[in-house]
Structures are given as structure tokens and as C-alpha cells.
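Proteins come first, then strands; the chains are lettered A, B, ... in the order of their sequence lines, and each starts at number 1.
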Amino acid sequence: MTTGSGPAARDWVLHVDLDQFIAAVELLRHPELRGRPVVVGGSGDPTRPRTVAATATYEARAYGVHSGMPLRTALRRCPHAVFLPSDPPAYEAASARVMAVLRGFPVRVEVWGWDEAFVGATTGDPEALAADLRQAVLDATELSCSVGIGDNKHQAKLASAFAKPAGIHRLTGAEWAEVMHDRPTDALWGIGARTARKLAGLGLHTVGRLAAADPAELARHFGPTNGPWLRYLAEGRGETEVTTTPWVPRGHGRETTFPEDLTDARDISACVAALAEQVARDAAADGRTAVRVTVKVRFAPFLTRTRQSKLPGPTADPATLTRAALAVLDRFDLTRPVRLLGVSVEYAPPADAAYTLTTLE
DNA sequence: TCTGGGGTCCTAGGACCC
DNA sequence: TCTGGGGTCCTAGGACCC
């Protein structure tokens, strides 16, 4: 830990991002695979259509394999790769061990998915803290991580990407313009390909240009909340509060893509019923009730449609949810082949609801 | 490269009411 | 009476992220 003289202590946001998390966990369980091309995804069968890679090791990437790629394509590109099934409970367990290590420090830890956490800390030397966090995670779990340091979550998140792999990087308001202004807008956390293309159409190709754009103009094109938010991101601003309050899920769902299209209406109904029952069991296990049910149908080749309905009252009863889901399914025109079915619910807020509200500062 | 599964939040339009 | 405007709820879809 750091004490004594030096820069005055102040608040920092750190972003801890595990390096190649899923692959790293798998290599710990299968040390003999170290150095070999490994692809993780689906049930691990690379001949099954319509499954994609969750991750690929650097050795597999050398063959052009990457996450999101269909396993059948990965197999074609790298026939000698080892294909492993995805094992979410194992990743969950590894993640929990990492978060426990972080919580051992005098900091606030906000878990942000399996392989990420924001850390709020008051210190005069954030690099020293970051190095301590990195080393403690490595010692306790054998997992490597990168740490970004910023004034807010947005900066810290981008900084950890600059730090990869196994590094530490600081990106604050002092460095923002120099580092970010010439980059494309989709370098920002929250701007993807679609929005970047739309911004480019307005002549806003870079972060610097977006940071100087007219908020009213942005609001006209992107909506009253999203428009000004885009400029806010480009200015390097972001949420500064790191909260240890556990996240309360807003909803939950299950969906399945079939290796071959479904055409029989009875098969489709049976699948929706099974998904609805599973979602009901999940909700009950979470101690939550549903207030709205949504059915998702993806038709061949790739046309996705949803229908939803508000339930008469909150429930986690499997029979009630199944009836509701099947009634919603009835509103689809099911004459085309179906490649995916999904059922999801919106949860009722728990009685002691403490939803985190986020506002622009 | 024929394209997973699990989420979150925002927007827009129509219904309905006063 | 042929027609205003605001507020809220509901629904479908889009965009983004891990």
C-alpha cells in the first residue's frame, strides 16, 4: 500500500479488465493446451451449424479465428485447433475469486460482468494501487489483468484497453484531447458502428469534431437524451460514482437458435412453452416476479420480430407464464421457417427497490 | 465469416383520457 | 360541433455492450 508524502490523495476510478478471461480460465484447467490454438464456444462441436466462438487464443487468432466467428468457419481456418465447450459456471467461479481479491483492498468495487470491475479509490498514487491490484489478482488466481486509471468510468474503461495486455494506463481530462481527438467516434464507449456511420454522414468523423458539435443539432438527429450524450462522451466525461450496491436485474430471458429451421407449428409451440417454463423457474430462483412477457422469433434467413404483452399481475408461476407466452406467439405469422425462438420477461421491481439512477452531470 | 446468448436503455407512434 | 393540447401507458424496434 502507499502512504507518506507525494501527490495529494484524491478520488480515482480504476477499471480492472481480465486479459483473455475465458481462454485464460480454460488454460488453467487444461495446462497441456498452452501454446496451442484453442477455440471456446457452444457445446464445443465445431461441425454444429449456427454456433460461434466465445473466444480464441492468440495461437488461434494467428489463423484468422476470432470471437463471434462461426465454429465451422474457425474449423476451416484452423483444422488442428482444439475446440472446447463454453462453461459459464466455471467462469462465474473464477470471476468471484477475482472480485474477492479486489474487495480485500480499501476500495469500492463495482462488478461489471464476469471479467471486469470498476474500482473507486482515494489515493495519491493510482499507478501504485493499480500495480498492487494486478499483482494480488495474479498471485491469488494466476489470472492476468490490465488496469485503466481515469477521472470517471468512461476514461478508465478506455484506459484499460490501452493498457492491454497486462499493463497499466492513465487517461484523464489532462490527456483526453491529445489522446482521443483524432480517433474515430466509435473509439468511445457507447458509440458503435451504426452511430459512427450516422455521425460521419453529418461530417463528424472524429472525437474532436463530435466534442465541438452543436448539442441541439445532435438532439435533432439522435433524440433528446442520446444526442447530447454523444457530445458528453466525446468530451471525455462519464459517470464518476462507483457503487458497491449489487445490481438489481431488470429482466431475464432465454433463447435458442436451432441448427436447422423449425417449420412445424407444434414444434414451435412446444419450444416456446419450454423456454417460458425455464424463464419462470429462473425468476422464482431469483426471487423475482414477471410483469411483461416478450416472445422473439427470428425467421430464416435472419429477420427478427418481437411481440410482447403486459401480464395482468406479477407472477413467477410456470403455467401462467407459459399460457401468456403462447398467447403472444399466436400473434405471429408463422408461415416462414424459424431459426430462433426466445422468451423473456421484465421483472417487477423488488419491494426494497434501490435501482441505480444514472444522470448526466 | 450466413451471422450466439444474455443483457440495458432509448425512441417513436398509437391509444386513451381529460 | 370535426377539432387543441398535454399526459400517460403500451408496444415494437433499434443500438450498444460483454
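With a glycosidic angle more than 90° from 0, dC2(C) adopts the anti conformation.
For the pair D87(A) CG and dG5(B) P, the interatomic distance rounds to 17 Å; values are reported in whole Å. Rounded to whole Å, atom P of dA15(C) lies 18 Å from atom CG of L188(A). Put simply, CD on E255(A) is 10 Å from C1' on dG7(B), counting in whole angstrom units. In this structure, the CG atom of L230(A) is 19 Å from the P atom of dG14(C), given to the nearest Å. As rounded to whole Å, 9 Å separates atom P of dC10(B) from atom CH2 of W229(A). Following rounding to the nearest Å, F258(A) (CZ) and dG5(B) (P) show an atom-to-atom distance of 9 Å. Computed from coordinates, the Y347(A) OH to dC9(B) C1' distance equals 18 Å when rounded to whole Å. Taking atom CG of L18(A) as the reference point, atom P of dC18(C) lies 14 Å away to the nearest angstrom.
Under the 4.5 Å side-chain criterion, counting only non-hydrogen atoms from C-beta, R237(A) is not in contact with E239(A). Taking 4.5 Å as the limit, some side-chain heavy atom of V297(A) sits within range of a side-chain heavy atom of F299(A). Here the side chains of P46(A) and R48(A) are not in contact, with every heavy-atom distance at 4.5 Å or above. Taking the side chain as every heavy atom from C-beta outward, T122(A) and W12(A) never approach each other to under 4.5 Å. Residues L321(A) and E277(A) form no side-chain contact, since every pair of their non-hydrogen atoms from C-beta on lies 4.5 Å or further apart. For the pair L158(A) and W176(A), the minimum side-chain heavy-atom distance is below 4.5 Å. When side chains are defined from C-beta on, K157(A) counts as touching E116(A), because their heavy atoms get closer than 4.5 Å.
Heavy atoms of other residues, nucleotides or ligands lying less than 6.0 angstrom from CD of E32(A) number more than 12. The environment of D182(A) atom CG is sparse: at most 12 non-hydrogen atoms of other residues, nucleotides or ligands sit within 6.0 angstrom.
Of the two residues near DNA chain B, T257(A) and G227(A), the one whose nearest nucleotide lies more 5' is T257(A). In terms of position on DNA chain B, the residue among R77(A) and T256(A) whose nearest nucleotide sits closer to the 5' end is R77(A).
Residue contacts for G41(A): at a heavy-atom cut-off of 4.0 Å it reaches no nucleic acid atom on any strand shown. Among the protein residues, G113(A) comes within range of no part of the nucleic acid, since none of its heavy atoms lies under 4.0 Å from any strand. At a threshold of 4.0 angstrom between heavy atoms, the contacts of P49(A) with the nucleic acid are absent. Across all strands, W114(A) comes closer than 4.0 Å to no nucleic acid atom at all (heavy-atom distances). Backbone-only contact: R50(A) has heavy atoms under 4.0 Å from sugar-phosphate atoms and none from a base.
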Enumerate donor-acceptor pairs with a distance under 3.5 Å from any side-chain N or O in residues 309-320 of chain A to protein atoms, sequence neighbours excluded.
| from | atom 1 | to | atom 2 | distance (Å) |
| --- | --- | --- | --- | --- |
| T315(A) | OG1 | D317(A) | N | 2.9 |
| D317(A) | OD2 | T320(A) | N | 3.0 |
| D317(A) | OD2 | T320(A) | OG1 | 2.5 |

Under 3.5 Å, which donor-acceptor pairs do the side chains of residues 194-221 of chain A form with other protein atoms, sequence neighbours left out?
| from | atom 1 | to | atom 2 | distance (Å) |
| --- | --- | --- | --- | --- |
| K198(A) | NZ | H221(A) | O | 2.9 |
| T206(A) | OG1 | R209(A) | N | 3.2 |
| D214(A) | OD1 | A216(A) | N | 3.1 |
| E217(A) | OE1 | R220(A) | NH2 | 2.5 |
| H221(A) | ND1 | E217(A) | O | 3.1 |

Next item on the list: Using a 3.5 Å limit on both pairing distances, list the dot-bracket string of DNA chain B from the 5' end; Watson-Crick and G-U wobble pairs count, crossing pairs take [ ], interstrand pairs take |.
Entry: ....||||||||||||||

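The same atom, P, is picked in dC18(C) and in dC2(B); the two are 25 Å apart, to the nearest Å.
Relative to the side chain of R331(A), the nucleotides dA12(C), dG6(B), dC10(B) differ in distance, and dA12(C) lies closest. In the set dG6(B), dT3(B), dC9(B), the nucleotide with an atom closest to the side chain of H252(A) is dG6(B). Here the side chain of R250(A) is nearest to one of dC17(C), dC9(B), dG4(B), namely dC9(B).
Interatomic distance, I149(A) CD1 to T172(A) OG1, rounded to the nearest 0.5 Å: 10.0 Å.
Proximity of T225(A) to the phosphate of dC9(B): no side-chain N or O atom is located under 4.0 Å from OP1 or OP2. Checking the phosphate oxygens (OP1, OP2) of dG4(B), a side-chain nitrogen or oxygen of R339(A) falls inside 4.0 Å.
Note: F118(A) and W112(A) have perpendicular aromatic rings, judged against thresholds of 30 and 60 degrees for the angle between ring planes. The aromatic rings of F21(A) and Y91(A) lie perpendicular to each other, with more than 60° between the two planes, well past the 30° mark.
If you check residues 273-286 of chain A against DNA chain B, you find no residue with a heavy atom closer than 4.0 Å. Within residues 290-315 of chain A, the residues having any heavy atom under 4.0 Å from DNA chain B are, by residue number, R298(A), P301(A), F302(A). Only R194(A), T195(A), listed by number, bring a heavy atom of residues 194-219 of chain A to less than 4.0 angstrom from any atom of DNA chain C.
A distance-only check finds no donor-acceptor pair linking the side chain of Q308(A) to the backbone of R292(A) [under 3.5 Å].
Under the 6.0 Å cut-off for aromatic ring centres, Y232(A) and H154(A) do not qualify, their centroids lying 6.0 Å or more apart.
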